[in-house]
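A short worksheet on the structure shown next.
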Amino acid sequence: MLKYVLKRLGYILVTLWVIVTCTFFMMKNLPGTPFDAERFSIMTPQQQERVLEMYGLNDSLPMQYVKYIKNMLKGDLGTSFTYVNQDVSKVITGRLGPSALIGIQAVLIGLAIGLILGILAAWKHNSGIDYFTMILAVLGVSVPNFVAAALLQYYIGLKWGVLPVGFWTGWNCSVLPSIALSFSATAMVARFMRTEMLDVLDQDYIITARAKGLSQMKVLMRHAVRNSILPVVTILGPIVVNLMTGSLAVENIFSIPGIGSLFVDCIKANDYPVIMGITIFYAAFYMLIVLLVDLAYSLIDPRIRLAKGKES
Amino acid sequence: MGKILEVKNLTIHIKTHKGVVQAVRGVDFYLNEQETLAVVGESGSGKSITMKGVMGILPKNGKVVDGTVMFQGNDLTKYTERQMQQVRGSEIAMIFQDPMTSLNPTMKVGKQIEEMLKEHCKEMSKADRKARAIELLSLVGISNPEARYDQYPHQLSGGMRQRVVIAIALACDPKVLIADEPTTALDVTIQAQILDLMRDLQKKIKTSIIIITHNLGVVANIADRVAVMYGGKLVETGDVADIFHNPCHEYTKGLLRSIPKAHEKGGELQAIPGTPPDLMDPPVGCPFAARCQETMIVCQKFMPDYTECGKNHKSACWMLDEMAQEVKADEK
Amino acid sequence: MKNDDKQVLLDVKNLKKYFDVGNKKILKAVDDVSLQIYKGETLGLVGESGCGKSTFGRTVIHLYEPTEGSVTFDGLKIDKNLDKKQRHELCRRMQMIFQDPYASLNPRRKILDIVAEGIDAHGLAANKKERNDKVLELLETVGLQAEHADRFPHEFSGGQRQRVGIARALAVDPDFIVCDEPISALDVSIQAQVINLLEQLQRERGLTYLFIAHDLSMVKHISDRIGVMYLGSLVELAESEELFENPMHPYTKALLSAIPIPDPDIEKNRQRIMLEGTLPNPIGLGDECKFCSRCPVCKDSCHKSQPKLVEVKPGHFVACSQVQ
Amino acid sequence: VFAEGETLSVATDFEVKTLVPWAASEENAFMVLNQAEEGLFRMDENNQPQPALCDTYEVTDDKLTYTFHLRDGIQWSNGEPVTAADFVYAWLKQMSTDATNGYSFIMTDYIVNGQEYNEGTVDASEVGVKAVDDQTLEVQLKSPTPYFLNLTTMDMFFPVNEAFCEEQGTNFALSPDSMLYCGPYVITSYDPAVGVTFEKNDNYWDKDNVAIEDAQVRVIKDAAAALSAYQAGELSQVKLDSANVVAYKDDPEFSQEIDFRTSYVQFNLTDDVMSNVNMRKAISLAMNRSALTDNILADGSAPGFGLVADGMSGDGEKTFRELNGDVSPYDPEQAKEYYDKAVEELGGAPSEVTLLVADDSVSKSVATFIQSELVTTLGLNVVIDTKTVQGRGELMDANNYQFAVTAWGADYDDAMTYLDLWTNGTPYRGNYNDDDYNALISDAKTQTDDAVRLDDMLKAEKKLVEEDAVVAPVYHRGSAVLTKSNVKNLISHPIGVPIEFKYASFE
Amino acid sequence: MDKSKIDRSMYQKAKVEASEKEHIAAPASTMLADAWIRLKKNKAAVVALFILVAIILLAIFAPIFSKYSFRDTDYNNVYGLPSAAHIFGADQFGRDLWVRTWMGTRISLMIALVAAILDLVVGVLYGAVSALFGGKVDAVMQRIIEVLVGIPSLIIVILFLMAFPAGVGTIIAALSITGWVNMARLVRAEILKLKNQEFVLASQVLGTSKFNIIMKDLIPNTVSVIVINVMFTIPSAIFTEAFLSFIGIGLAEPQASLGVLINGGYQVLRMYPHVLVFPAIVIVLIMVCFSILGDGLRDALDPQMRK
Ligand SMILES: Nc1ncnc2c1ncn2[C@@H]1O[C@H](COP(=O)(O)OP(=O)(O)OP(=O)(O)O)[C@@H](O)[C@H]1O
Ligand SMILES: Nc1ncnc2c1ncn2[C@@H]1O[C@H](COP(=O)(O)OP(=O)(O)OP(=O)(O)O)[C@@H](O)[C@H]1O
Ligand SMILES: [Mg+2]
Ligand SMILES: [Mg+2]
């Protein structure tokens, strides 16, 4: 087990290195410079030189890369260009909190509601609740989340006046965005759970359980749910990553100082160190989540042995 | 010996997107106390569905449209789901064909046995249950039951898994045990062990057994009486000796002819040509008419009634009709 | 039938097929099997599930590359040195019928195209009409009608599918067919149809079969000789009458005694040899005789080495130190 | 939710990415710094510089040497006195190569030896800014600069305590603790993405005239969200986007302001098509700028009939704009004439021209407007090429564009803030390099006679916009805001600092 | 039973046609016909299909038959409300939203479709090759996918949009760079499953060439996976494009995709909800219909799901 985890971590490091390298060179080709072109153009040559030197941009590209990797290995991701003098790791971790809070809450809401709906829908296949779940599942992924977020903000935040709408002051500000984000998660979880449950409910061991005289509830809870949850666990990884990093629109609407807007801003502003930092974070996080999912797999399903790995 | 289970005119339909499958079409049979009834028949002839109908565990799209299932004087088809839950497992238990898939892969086998006890013997304490589960494991001949108790199904071999399934079924000393092809997926050596086991257990626990199988050898080995199904109908029932030595229905005869005798070599097997009927659109007459060597016009038009052809032995075949006998005699 | 007037069609020598199952573990699915199959005969191969019968069949027909050992077909040694054309020709001469009638037909192709696949692959028909006529003829041979040609596999019953599989194999006019449990999934009444068909084809076309099954009574019915496999090794090989009358290996004995006989009178009073113990894990077996864990007559010496297959009587080979 | 009357709360739609004075180049940073720091002068309600940290000042007759006397008892928030040396330190820093905000020119253009110091050819001691004593600051200018006092209200001219700054090193101005304050407020929290909160500065010399105790600047990127926050009582003032102006036009809380900021089309004079002056004139004349400001932007923006923004000072009585009239009017007929001429000269109508714009929604709207105007009036097809702000900048720097929408905000209230941009012939400014124009500008820069100077600049704008049509002004940015009725005197300056807290009060 | 109808003559031996013995009751039907029948039974899917067809037809013909063009501005009708002349109202520039909505739909669908096709080609090939060759090739190809997933797609997309002029083609190209990864994974998994199926072995035994095995055995049997995935690729492409518009790097005016329209409408949601509502309804309808149709197709094409 430990050996397996270490081996996987090794792979992750190698993959990460490739990702870092690719991103580094691609990023350097992003149009524009990290500086306001108009302002940069009116600097004296000495000053331009100085600025480039300060940000290590006057080296040749391979040299910059080597330096970056060296510093990275030392745990130094550099300082941001746009957030002047601020450490990239600080900038990112500062933004991570709100994103993580909202992302995790959204996933939890999505899981709770999605699982319940999915289970009910499969159990009462072709009933009202099933259709309701399916409609919800389809709408959940069909309505752009910024539309949902804007509506939530307007109606619940402003019209009811129960939750703050404008800016980030703490946990109570995370409720509405979490709900807005949870729609798609709920929809996906419900959908996957339903499909898999329907499948599992057709299995022989479910018939065996029914033949034992277990009530439907018990058959469902003890036998069907656990065996249906694997696909949900699989999609959970990408969902978590997406919700934590891809919620730009919702972040903007609820003025959340999150990682999504940081990323887009920095790409647009050519803030190379931050772009790299987020990429590393994102890729590492993604691969770790996948590893965690694999570990969770083996806990949920004793048949799966880790050493063989799973077909992904 | 009283009848513990009596099924009358059981009719089951299954809805599919293409139409309604008339999986079971008016089946009558009964089961005496402590006897073993073997149900044989072509694949798809409705054996499993009949038994699932008895247990009330039909697939969602299946429905008992007619008939009664009398169990100890009560009609199970009239039972509510809750009442049926009391019956299942404790009164009538069922074993399924494939030991690989009929155990929950994510639950320890011990727990799966205990689950049955928890459901039906509520007074048992946790420790009692565990003790009983281990006892059951050793009862079905699993060595080192304490260790097995904590294993998952995938850690057991096929034969062991089938034993676990049997242990589950026997946990509450059911009055009736329905075994749906319990040995089909197993090797002959293990099959023999399982059959021995079932026979021993029947003696010990005094249950009645219905065993579904394709294998006539198994029937000969374990059954007291035999019911033969074809095309959703029960075409012949009788004591095992009568069925093997004195088959009345043409299908039964054909079946017996088509198996090679292990002790006599050579010669061509006498196959039954053709394919069983599609139950989506079953023939109006005898379901076997299309493949029968002796088909008469009446066979294709009308379904025959049951005719007694011996003690405890009846069959639905026009050949047994007096008229047919006459005509045949005349022809000669 | 005497061996010496028979011509060897297939000569298998010390065939080994090992699977790498990860973690540096090796599964010896076929472990040092040698046998010969004569022209026109049927060699039955029986054994427990997982003992390597299918793997043997597939290695013989070069679906798998053997780990060691050789297979010689009609004087031609099958190995890497064969050129493409020779391989292609081998594909025509050696065919296979599969166990699962549901998985062995491509659900997305018409019966016509399935049966014609071999004809297409080997260019055996000059034009489309000839090809289709050939297919219809083949369908008739296996007892199906022309109207079936345009249908898809899912519309057929198991027995009909299996006959389609046979027609497909026959299409290339092979000499040798590996039948990998062709009847296990079929109804009793249908099994006989298939067996009869196979026997009839053998008579008409002089085919040679390697017939794999676990139903011993069927194997006995169809086979001239029978080999018994246990955990990758051939433990006994004899003419079928001889094997049934005079089984020597303790495993064969147990196997034969376990076959249920469809006769209640015999069955009720039969004595069985029950095998105790469990089947060992096929991965990482030691040097001892593989049957030791379940053998009723196992001695200390059996733990020392694996017995070799020895001819104890003319034509009767056994691999058991107790018998030798 | 902040109760009204307690905290003054305004929103900004950009992050406050840095507060380091020589790195900050964005309006919202200026705004924050302006509340927490102070320079020699501070803009009053009428946008006139009034003495702030400076008590009195003298200027020599040649208008080249200013001597500022600091107030008595002015303190940093840690109790240390603010001295003339703090100004010298800050100004030198801004003129050094350490300054990354691109604003060095705002000193080096005027202060003696500033440019040389920046280039590293002279020593700090030779630069024309000296601390005569703790309370006296002497500044020497290269040429007479009538608006020099205006400049001193800008954040680059604010003092910085050398000892404290050096002690903080790279941490300087990253958090509230790593800054010292000399303005009306001190910063109590700062997060680039969340915003800044302020508290009244008890050490401020004029604290008696600061009415509001707590204030905050909040980052709200989404306009609709900001409006919601305003309606929920979380903001004291909010900017409206054009769509909402109609609805609130008659609201008592509604008001409009104009900024000294001009959006214009920059033509690339080296481009085959745009090098044709008639083509440029045609394009400029073809734009019905009033339609843009009235119907599309509708937020108080004014049509850009000239480069220098509406309301910028002229001769003291009339504004520059009033004096120079409409140098870029709308005249479709004449536009067509010019266009036909241009087509003739070019030997055929261009199949299409590509307009480069940044990817913010206002720029895109303007581009769409121009596109539609040119095709309807001239029949000229325009392809819009949208790039990120950085991408657009790079393309322009690389001389890789035909014409582009860009904007310039005044740094000080004088036409020169615009006009001297076109003197160095960079690709960014369309490669315009005209001797006459340069002569006019350099004369204006050295001129001591204000009237001649003004005349030079009027001529220069005419030449740049009307005669040579190097740029086509489009509009002068305005903004429509809602302000809670209990908030008084929350003023905005048209230049640099959008909102001034000092004078505001709750009713 | 009415025995009276039975007479002696009926006890004659009957002739049974051989064909009857092997009779197949159900009418001959192909896999696709079968799937079609099943799909038709799924009312939701049929309705979805119908709506989609309607949307596609509107997208094609509505702009052609309108008297307005999608680029005609009318400054007197800025944000005009829906009226007889302008069914969906007008936008910021007074442009007719009816035409723009359907033009937008046209472009969005085009983006989605082309993206889906590219995705199909690259994804299917990549997945098939990876699965078939196995071993080292597979390992390397899978690592490449991992890396691709790891590199933030926004960087790649922006790079693309910067390198080429902002237009439909660029967006399509940008989207399809990473869009195929999912398809590749699915196809690979499916082919890995199929690879050892007996019917593939049978083809091998018959000496069928590898190419024919891929074309005749493997690909046809992954069709359902592919078709279903496409059903979900299309909405996701439309969404990604909408997201790009949201962050301001989408299409250039006056062209509009649904994403551009929604983004524009979203800005003025408070005052002029009609600007958002119509394109939003269309995009939601497209999403919903594709999802339902996708689900329906999965049920219809998967022989195991015989419900
Ligand atoms: N879930 C189901 N949906 C639709 N049809 C079904 C279902 N289960 C069974 N059937 C049909 O009902 C008929 C009887 O099936 P049943 O399973 O009882 O046959 P069986 O005699 O047990 O066959 P086998 O020996 O193959 O187990 C068959 O035609 C089968 O196709
Ligand atoms: N491709 C493979 N990779 C790894 N192991 C394999 C592979 N194919 C077969 N095996 C293993 O080899 C052993 C022999 O398998 P094989 O299929 O030959 O047995 P069999 O005798 O045909 O069994 P059955 O009667 O179940 O068909 C089994 O343990 C099986 O798990
Ligand atoms: Mg069954
Ligand atoms: Mg096998």
Side-chain angles (χ1 to χ4, degrees), chain A residues 30-51 53-55 79-87 90-91 94-95 98 146 149-150 153-154 157-158 161 164-169 249 251-258 261-262 265 267-271, chain D residues 1 9 11 15 17-20 23-25 96-105 108 115 118-120 170-174 191-195 218-222 224-226 228-232 234-235 359 387-397 406 408 421 424 426-428:
Chain A
L30 281 177
T33 63
F35 322 104
D36 184 339
E38 197 169 5
R39 297 270 168 211
F40 193 71
S41 68
I42 51 181
M43 288 181 183
T44 57
Q46 287 81 0
Q47 201 159 11
Q48 291 181 347
E49 180 70 12
R50 172 74 202 274
V51 168
E53 188 192 312
M54 221 159 87
Y55 292 121
T79 53
S80 164
F81 294 172
T82 52
Y83 300 92
V84 179
N85 285 349
Q86 303 194 42
D87 282 345
K90 276 231 187 77
V91 173
R95 296 299 197 86
F146 57 91
Q153 179 174 60
Y154 190 63
L158 188 58
V165 291
F167 33 81
W168 182 258
T169 49
E251 281 176 17
N252 276 358
I253 289 166
F254 289 99
S255 306
I256 299 157
S261 56
L262 176 71
D265 278 4
I267 287 192
K268 286 187 166 188
N270 292 41
D271 191 342
Chain D
V1 178
S9 184
E15 291 186 11
K17 290 192 172 172
T18 180
L19 292 177
V20 177
S25 63
S96 76
T97 49
D98 285 350
T100 53
N101 58 358
Y103 268 101
S104 298
F105 73 92
T108 57
Q115 183 76 18
N118 183 285
E119 287 164 2
T170 53
N171 280 334
F172 179 69
L174 296 193
D191 181 328
V194 176
R218 284 291 171 175
V219 177
I220 303 182
K221 293 177 181 171
D222 186 75
S228 295
Y230 177 80
Q231 287 171 329
E234 294 170 21
L235 287 179
D359 60 1
K387 294 272 140 78
T388 61
V389 176
Q390 310 285 341
R392 188 205 55 158
E394 188 181 68
L395 285 178
M396 290 179 70
D397 263 346
T406 167
W408 183 258
L421 296 173
N424 42 16
T426 57
Y428 200 94

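In what follows, chains carry the letters A, B, and so on, assigned in the order in which the sequence lines appear, proteins first and then strands, with residues in each chain numbered from 1. Quick caveat, the model's predicted, so the values are computed rather than measured.
The distance from the CG atom of A/N85 to the OG1 atom of D/T18 is 7.0 Å, given to the nearest 0.5 Å. Taking NZ from A/K268 and OG1 from D/T388, the interatomic distance works out to 7.5 Å, rounded to the nearest 0.5 Å.
Contact tally against chain D (heavy-atom pairs below 4.5 Å) for A/D87, A/V51, A/T82: the top residue is A/T82. Chosen from D/R392, D/E394, D/Q390, the residue pairing most often with chain A at heavy-atom distances under 4.5 Å is D/Q390. The residue among D/D397, D/T406, D/T426 with the most heavy atom pairs within less than 4.5 Å of chain A is D/D397.
Contact record, D/S228 with A/Q153: OG-OE1, 4.2 Å, taken as the closest heavy-atom pair. Taking every heavy atom of both residues into account, D/V194 and A/P257 meet most closely at CG2-CG, 3.4 Å. Minimum heavy-atom separation, A/S255 to D/I220: OG-CG2, 3.3 Å. When all heavy atoms of A/M43 and D/T100 are compared, the closest pair comes out as CE-O, 3.5 Å. Closest of all the heavy-atom pairs between A/T44 and D/Q115 is CG2-NE2, 3.2 Å. Here the closest heavy-atom approach between residue A/V84 and residue D/L174 is recorded as O-CD2, 3.3 Å.
D/N171 does not touch chain A: none of its heavy atoms, backbone or side chain, sits under 4.5 Å away. Only the backbone of D/S96 comes within contact range of chain A, with at least one heavy atom under 4.5 Å from a heavy atom of that chain.
Considering only heavy atoms from C-beta on, D/K221 comes within 4.5 Å of A/D265 through its side chain. Two residues are said to be in side-chain contact when any heavy atoms from C-beta on lie closer than 4.5 Å; A/R50 and D/D98 meet this criterion.
Under a 4.0 Å N-O distance rule, the pair D/K17/A/D271 does not qualify as a salt bridge.
Side-chain atoms of A/Q47 come within 3.5 Å of backbone N or O of D/A99 as a donor-acceptor pair.
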